[in-house]
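So you know, we letter chains A, B, ... as the sequences are listed, proteins then strands, and number each from 1. Any value given below was found using the heavy atoms of this structure, including those in side chains, with hydrogens, waters and symmetry copies removed. Just so we're clear, the structure is a prediction, and the values are computed from it rather than from any experiment.
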Amino acid sequence: MNKRIAIINNGILGIYIADYLLKLGQEVYIINKTPYIFPFSYLKKEIEEYIDFSKLLEVYNNPNIKIFTNSYITKLEKNKKLKIKIKKFPKYVLEDICNGCRQCIINCPVQINNDKPISIETPFPLPYSCVINKRHRPPCVRRCPVHINIQGYIALISAGKYKQAFSLIKESIPLPSVCGYVCFHPCEQECRRKEVDEPIAINALKRFVSDYNRNYATNSKRETINRSGEKVAIIGSGPAGLTAAHDLALKNYKVTIFERLPLPGGLLRTGIPEYRLPKDILQYEINDICNLGVEIKTNVHIGKDKTIDDLFAADFKAIFIATGAQSGLKLGVKGENLPGVEDAISFLQKVSLSNWKYKLNSDIKKVVVVGGGNSAIDSARVALRCGAEKVYILYRRTRKEIPASSWEIEEALEEGIQIEFLVAPVEIIGENNKVKGIKVQKMKLGEPDSSGRKTPIPIPGSEYEIETDMVIIAIGQKPELTVIKQSKDILINKKNNIVVDKNTYQTNRKGVFAGGDFILGPSSVIEAIKTGKEAAIAIDKYIKGEEISIPPHFVEQEEPEIYHKDELKNIKKQPRQKMINSLPKNRIKDFQLVEQGFTEEMAKLEANRCLNCGICCECGECVKSCDLNALDHRQKVEELDLEIDDIIVTSESEILSVNPDNFDSLVNFENRDTLDIQLQLQLIKSLAIISDLVPISYQNQVNYKNNFINSSINIKEEDTKIGVFICGCGGSISNYLNIDDILEFSKNLPNVKTSKYIHYSCVEHGIKEIKQTIKKLNINKIVLGACACCNLDQVCSNCSLQRNRIKEKIFENLELNRYVCTFINIREHGAWLYPFDKNLSTKKVSSLIYRGILQCNDALPLTPKSISINKNVLIIGSSSEIIIGARILSEDIPTYLILTEKEENLSEDIIKEYKLLKESSNCVIIVNPNILENNGFIGNFITILEINKEIKEIKTGVIVIDSKIKDKLRKKFNLKCKFSGFNPFETNIKGILSFDGVNDFLVKYGLTPNTIGKALSTKVRILLNKNELLSKGRIAKVNTYLCRGCGQCIEVCSYNAISLKNLKPEILVSDINEFLCEGCEICVTKCPTGAISIPDHTKMYIDKLLETVR
Amino acid sequence: MNNKEKKIVILACYQTHFTGVNFNDIGKYSYPISVNIVRIPCSGNIDVSDVLKLFSNGINGVMIIGCPQGVCKHSTGNIEAQKKVLIIKDLLFLLGINPDLFQYKWIKYYQKEEFFQIVNDFIKIVE
């Protein structure tokens, strides 16, 4: 049985408490707000020295721990058990799969002050995976009707990835160039950059990237794909129709577009003049759509030549009407039917169908355009290019209210077009069946109407005449209904509009859908595209027989928008790039393109202005670059329910997140800055709390896996077969190296049987590949060049990161000893050193591999030893702390208590405890004996006592010594107190506990004897809570023939592992305790005769080094 | 002798961090290819004869890197090293080798700038 304890972690303390609990065999949940369990930012300069990375790994690697990063507690309920609710925020990277190869970071186009939205913390990320930083979608994307990933393509442009930028736009719209030329870009009005200086020229960038792709990138052959699905008819080849056709064709429908005019494109062709959108560009994009398997039948007028019923009869399963709003509204004034009065749509259509060669009659000199929309401006500018000498535009309101785009008006004015504001026509004056002039009335502005614009009120008596030869009426259009005239069952409402469900685009007749301007009235290209896109989804669902519902383009993230105005403060002002327009004088002569577009340089400058206010732009570059499929941009906030027994909060700032009244186990790590005394104090407090929290009945034995030994068969020199494996890390290593050279080089080195390149050595198939090679070629030693687990350079054996995945798995089912495998860090120490010179890094890596192979050649299979632990405890002293500690321990651990004072001298507070202890059958109390000698080491101490002239031996695992003990006694135990922030109670001798340092601040910080006693008992339990003690594999050995017994090694050993023993009477030699030796090799170099050595790690490494340096 | 051929060996203690280049520092920090870094278990285990051997075999500069006082994982390793360094410096002087070509430095944890600074300064001295 064990307890489940949640730790709200806020730094080192949480990690240490988790470590204590795990060592007592409990289950631990670590809940951490940050994406990593121990973020580097937690490190305060003063305490960084005490961070032991291996401790972190040890905790992280424990099977009993569950880590919730990026999460916090939202609810805490206390019934019999504690129930907590955890909110886990997405990292958008799957922790278990990501191996931190950083290819995604390299490919990410977004740069915000040298940071990227996808990152991995250095130096020690735990869990070892990347994190994506996302915010609410940027305002431009939200404003765009079809939610084109604007930030995404701008970021890609700034990174020079034009092709990717283009395909990203194409994911949302099938007509990127058209949009790039003519879109009225509502996105730019929302751009956050406008708060700094000017918005980004988003549309011009879109135009640049689509121009770039049309001109350079696509040379591949375009082949028409034949579609095999159901037939769908689309009436009208404008933006809505083309979009729907594109989307449906991609879903494998056989789409036919019917177009009334001889050329496809709808208003894009006939409504937008050539100088704004060259028609070869339009044709290019229409051809692209045709290549997807869309058929366009021109010169077919549905409603006249064919009816909707005919189409259904011809086996079309669905019909999408997108004929637009083509019939111009009438002014309703006298003289409107005179020849020489035209509506804008038919005028523009006439000019466009003449391939922009139309000329006005030579007697038409002056033209008046009525209206203030874009089509009014277009007609005026077209009329100017068709030969008119003077063009007026009449508008009822002021320039502030005019619906036409401001840049269009600007350009029209440049070209010499005169705009009269606050005038409305009253009558068109004709003479000889010809237009002679137009009578207008002045207006003033009144109250705002329902649309929010101020209503113009005529001023009586202000009429005057404008002389003109032609009037173009551009006051709006409405849908033309001929298309459905013969299909009487389609409902039309009172306003003469078709009845359409705005959510599903369905008319009342089954299978007939409508979209575009036909249902919207005159709108914009991008809005028409939106209806086309959504109608395509609806039609697809209709044909499949599913319920029609159009999913929203994106679901807003749950978190509210966080954008601090302060972020904008530090941004350097940089004006928006402006396109060069051709000179008005020249451009009015013909229909040449007015706006000349961005050059590559301008585009990059402009794209770099983007603030990347959404941080991650979801361009998908990371997903493409990840070979492991570890990224998931659709991850959502998770809510988890946990049932736990207790909760520990390690920081004051975190207390508010849970209601502190609900539980009592609260460790408060107030002042992290005050270093080790404070830290030790907190650790002692937490140890005491653990003693309350985890009753004895819950404590579990922890069995440590002895995962070092698989085979200890000695490998003879001539049988050595080394396999060299080079990990490419998915490109993070291999891109910086000439892998083939290294493989070739390593093949010819001594004893190397094979050398192989592995794309990823830490994933399943990579390990499998290594294993297969090992088995096939009977390899008995491995050299693996890969990344580092950590900055400690693979020295620790309890590593848990990616490399450990390989280590663990390679040794599974294989007869290989860990010590004959050499792991070399070729990433941080090779590939990344010379990122700009492949040859240099190849040379460096080759020399590292060479050294590794030489080392591997000498490596011996080593076997760590194990020894069982004595489960008794010896407690010496008579202070309150000692008695309380002994009393708690005696509940389940056989305890020997040596009282150094007489029973009568015990302080009154603890007499009660002492009595309890005396009654306990688990405790032996020895009063004031003569301690003669103490031998042994942790787990196996032998203390020799003299009681009443009788010699007695006590065998214990752990000894606790009172801090008030006399110096004379202290010497018997060789005790010098070591004071370290992370190891409370520990002394210079492993296994002997004391609390010397504690007394100094006992009063100051209000630590009671009770707390210390409890903490001591927990500490003892932690030490005893394992079955056996393991030695390190690579430890020093003494050659007894060479040893003179000078004892110099004893002086330098800081682990008390060396002692002198009698080999024969009067011959003393050094003896190294294998369970205490840590393999630091200091004694090896101290020994004057060379008697001490470490089996395979002798001083020969210098020779090997020299060999590779030469 | 060409400057590029100056060979330098750096014996760094296992606990010394940042002897390699972190991902964020690619292109920012580096050292020449003639610098060979060897990790040793503790700076205290350097051998006087080893260092002399390196010099006698054509290495132009040797540097030992360990942890600062009080932070040694093996508690006294850096003090042991300090003692040996003095001996080595004396010996080098006697042998007619400039003792500056052998240096012993302490680097605190996580001080990557310091590490590359020290290494590159040492290269200048050797050259």
Side-chain angles (χ1 to χ4, degrees), chain A residues 40 43 48-53 100 102 105 114 119-120 122-123 732 736 788 790-796 825 827-836 840-841 843-844 847 851 978 988 1034 1052-1055 1078-1086 1094 1097 1099 1101-1103 1105-1106 1108-1110, chain B residues 7-9 11-51 53-54 56-59 67-68 70-77 79-81 83-84 108-112:
Chain A
F40 193 52
L43 280 184
E48 68 191 29
E49 289 159 13
Y50 297 96
I51 304 295
D52 191 352
F53 188 49
R102 295 162 167 94
I105 305 179
N114 294 327
S119 60
I120 186 161
T122 49
S732 284
Y736 297 101
C790 62
N791 292 289
L792 295 179
D793 222 15
Q794 328 113 40
V795 278
C796 56
N825 178 4
R827 192 166 77 172
E828 278 87 349
H829 287 166
W832 286 357
L833 261 180
Y834 313 108
F836 309 115
L840 271 184
S841 40
K843 209 174 152 193
K844 186 96 215 171
S847 99
R851 210 187 294 160
K978 192 167 120 188
N988 59 331
R1034 198 166 266 143
V1052 293
C1053 184
S1054 47
Y1055 298 99
E1078 294 271 333
C1080 67
E1081 296 189 17
I1082 296 176
C1083 52
V1084 177
T1085 49
K1086 190 77 187 176
I1094 284 190
H1097 199 266
K1099 284 190 255 170
Y1101 75 87
I1102 290 290
D1103 300 334
L1105 167 72
L1106 281 169
T1108 55
V1109 169
R1110 259 179 211 152
Chain B
K7 285 171 194 153
I8 291 167
V9 168
L11 304 171
C13 141
Y14 273 151
Q15 306 299 316
T16 312
H17 293 210
F18 292 120
T19 52
V21 177
N22 259 333
F23 177 74
N24 292 351
D25 306 326
I26 294 182
K28 261 191 243 167
Y29 298 110
S30 184
Y31 45 77
I33 193 154
S34 56
V35 174
N36 289 275
I37 295 187
V38 183
R39 304 307 286 268
I40 50 175
C42 179
S43 61
N45 86 348
I46 50 157
D47 197 322
V48 178
S49 61
D50 281 350
V51 176
K53 202 172 183 179
L54 285 173
S56 71
N57 276 286
I59 304 295
C67 309
V71 196
C72 182
K73 196 186 174 219
H74 308 292
S75 66
T76 53
I79 299 162
E80 282 301 314
K83 288 179 196 160
K84 282 172 191 163
K108 263 184 149 186
Y109 282 10
Y110 319 119
Q111 301 291 319
K112 55 183 168 185

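Of the atoms belonging to B:V51, not a single heavy atom falls under 4.5 Å from chain A. Interface residue A:S847: only side-chain heavy atoms are found under 4.5 Å from chain B. Using a 4.5 Å cut-off between heavy atoms, B:I59 contacts chain A through its side chain alone, with no backbone atom that close.
Checked against B:L11 for a side chain to side chain contact (heavy atoms under 4.5 Å, CB included), the options B:I40, B:N45, B:N36 give a single hit: B:I40.
Considering only heavy atoms from C-beta on, A:Y736 stays 4.5 Å or farther from A:F836 through its side chain. Counting heavy atoms from C-beta outward, B:I37 and A:H829 have side chains that stay 4.5 Å or more apart.
Counting only distance, with no hydrogens or angles, the side chain of A:Y834 and the backbone of A:K844 share no donor-acceptor pair below 3.5 Å.
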